[in-house]
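Only this structure's heavy atoms are used, side chains among them; waters, hydrogens and symmetry mates stay out.
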2 protein chains.
Amino acid sequence: MDTSEITSDHQKKTARYAKAMGHPIRMYVLELLSKQNCCYSGDLTNILPIAKSTLSQHLKELKNSGLIQGEIEPPKIRYCLNHEAWAEAQKLFKDFLGC
Amino acid sequence: MDTSEITSDHQKKTARYAKAMGHPIRMYVLELLSKQNCCYSGDLTNILPIAKSTLSQHLKELKNSGLIQGEIEPPKIRYCLNHEAWAEAQKLFKDFLGC
DNA sequence: TTCGCTGTTCGTGAAATTGCGAACAAAAAT
DNA sequence: ATTTTTGTTCGCAATTTCACGAACAGCGAA
């Protein structure tokens, strides 16, 4: 079905950000990045008890949502928050939750 | 794998709330309830271009997350926010997003 | 007792998600 | 040139999600 006429653009956007946050591993990554600015994928692989392919998938989902971005520093990749998207998410959830 | 030792309780909780918010239809319902206090399932069925069984599934997901609750007023059901869970979600997302 | 209304559950199908190991690719190190 | 390191992608399996129509269940109305 097509709900595009009922649900608003900000509802779709908020839902998209929420979906990206809807997994504890991704919450962990986002919280880590909001505290320390950036991190390396390899470091996360050493910390988190999941396969590096699984971590790669989670990071991809966060990138696809726009919340983080990765900068290649061969052979590593440095991940950080995408501040533009982060600010947008802040505003959307503040408006939505009223806090 | 078991990430229960790495991801914290608040990260799991925030992820759970985020998951419930991760669909535009559920965002629509939550926003409606935050504005007008309560609504009837049947009214939503008339507004939203989705099958009533689909709406029932979405409402069930919101109930399972704790964000809403339904009160039976035969033959209808009246849905409203669960203010305790809503307040918790407000705090969790405020702490997480820093807004 | 039967009918009508409201909402849920079931079964289905398709798609998405989640996890993994293996294979691959790019770059640096040797 | 080869090896090592880092991270991605593929294929797989299992599960979940999302959508629906049909059947079911509870209640009030007739």
Side-chain angles (χ1 to χ4, degrees), chain A residues 1-7 11-12 14-30 32-33 38-65 67-80, chain B residues 1-7 11-12 14-30 32-33 38-65 67-80:
Chain A
M1 49 74 197
D2 183 20
T3 61
S4 57
E5 287 182 1
I6 301 295
T7 57
Q11 283 164 348
K12 291 195 209 8
T14 312
R16 184 66 189 88
Y17 284 133
K19 190 176 182 184
M21 297 165 186
H23 190 291
I25 292 289
R26 295 198 291 269
M27 280 303 308
Y28 179 93
V29 171
L30 288 171
L32 186 72
L33 288 181
C38 68
C39 71
Y40 290 92
S41 176
D43 296 340
L44 290 171
T45 297
N46 293 333
I47 295 168
L48 293 167
I50 60 176
K52 66 180 181 180
S53 56
T54 307
L55 176 64
S56 194
Q57 291 305 322
H58 282 304
L59 291 173
K60 184 177 183 183
E61 168 64 13
L62 289 174
K63 273 188 290 182
N64 284 348
S65 76
L67 285 168
I68 71 171
Q69 62 206 22
E71 210 162 315
I72 299 176
E73 293 184 355
K76 298 184 168 187
I77 302 184
R78 182 159 56 93
Y79 287 98
C80 57
Chain B
M1 46 74 198
D2 182 19
T3 61
S4 57
E5 289 182 3
I6 302 294
T7 55
Q11 283 163 348
K12 292 192 205 15
T14 312
R16 184 65 188 89
Y17 284 133
K19 190 176 183 188
M21 296 165 187
H23 190 288
I25 292 290
R26 296 198 291 271
M27 281 302 308
Y28 178 94
V29 171
L30 288 171
L32 185 73
L33 290 182
C38 68
C39 70
Y40 290 93
S41 176
D43 295 341
L44 290 170
T45 297
N46 293 333
I47 295 168
L48 293 165
I50 61 177
K52 65 180 181 179
S53 56
T54 306
L55 177 64
S56 196
Q57 292 303 321
H58 282 303
L59 292 173
K60 183 177 182 180
E61 168 66 13
L62 288 174
K63 274 189 288 183
N64 285 348
S65 76
L67 284 168
I68 71 172
Q69 61 204 24
E71 209 162 315
I72 298 174
E73 292 185 355
K76 295 185 171 185
I77 302 185
R78 185 159 55 92
Y79 287 98
C80 56

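For A:I72, the CD1 atom is loosely surrounded, since the number of other residues' heavy atoms within 6.0 Å does not exceed 12.
No contact: B:E61 has no heavy atom under 4.0 Å from any strand. Backbone-only engagement by B:R26 is indicated by non-hydrogen atom pairs under 4.0 Å involving sugar-phosphate atoms exclusively. B:K52 comes within contact range of at least one nucleobase, with a heavy-atom separation under 4.0 Å.
In the interface, the side chain of B:S56 is not paired with the base of C:dG7 through any donor and acceptor atom under 3.5 Å apart. Contact annotation: side chain of A:S53 to base of C:dG21, donor-acceptor pair present below 3.5 Å.
Under the 3.5 Å distance criterion, the side-chain polar atoms of A:R26 are left unmatched by any main-chain donor or acceptor of B:A15.
We find the CG-OG1 distance between B:L48 and A:T7 to be 8.5 Å, quoted to the nearest 0.5 Å.
Comparing atom distances between the B:P74 side chain and each of C:dA28, C:dT9, D:dG28 picks out D:dG28 as nearest. The side chain of A:K19 sits closest to C:dT17 out of C:dA27, D:dC27, C:dT17. Taking the side chain of B:P75 as heavy atoms from C-beta on, and the options C:dT9, C:dC20, C:dC5, the nearest nucleotide is C:dC5.
Phosphate proximity of D:dC20 to B:T54: present, with a side-chain N or O under 4.0 Å from OP1 or OP2. Contact check, A:K63 against D:dT8: a side-chain N or O comes under 4.0 Å of OP1 or OP2. For D:dT17, neither phosphate oxygen OP1 nor OP2 lies less than 4.0 angstrom from any side-chain nitrogen or oxygen of B:H58. At D:dT8, none of the side-chain N or O atoms of A:K76 fall inside 4.0 Å of OP1 or OP2 (strictly under the cut-off).
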**Report entry** Derivation and outcome, salt bridge (Lys or Arg N to Asp or Glu O under 4.0 Å), residues B:E61 and B:R16
**Finding:** CA-CA 11 Å; B:E61 168 66 13; B:R16 184 65 188 89; 3.2 Å; yes
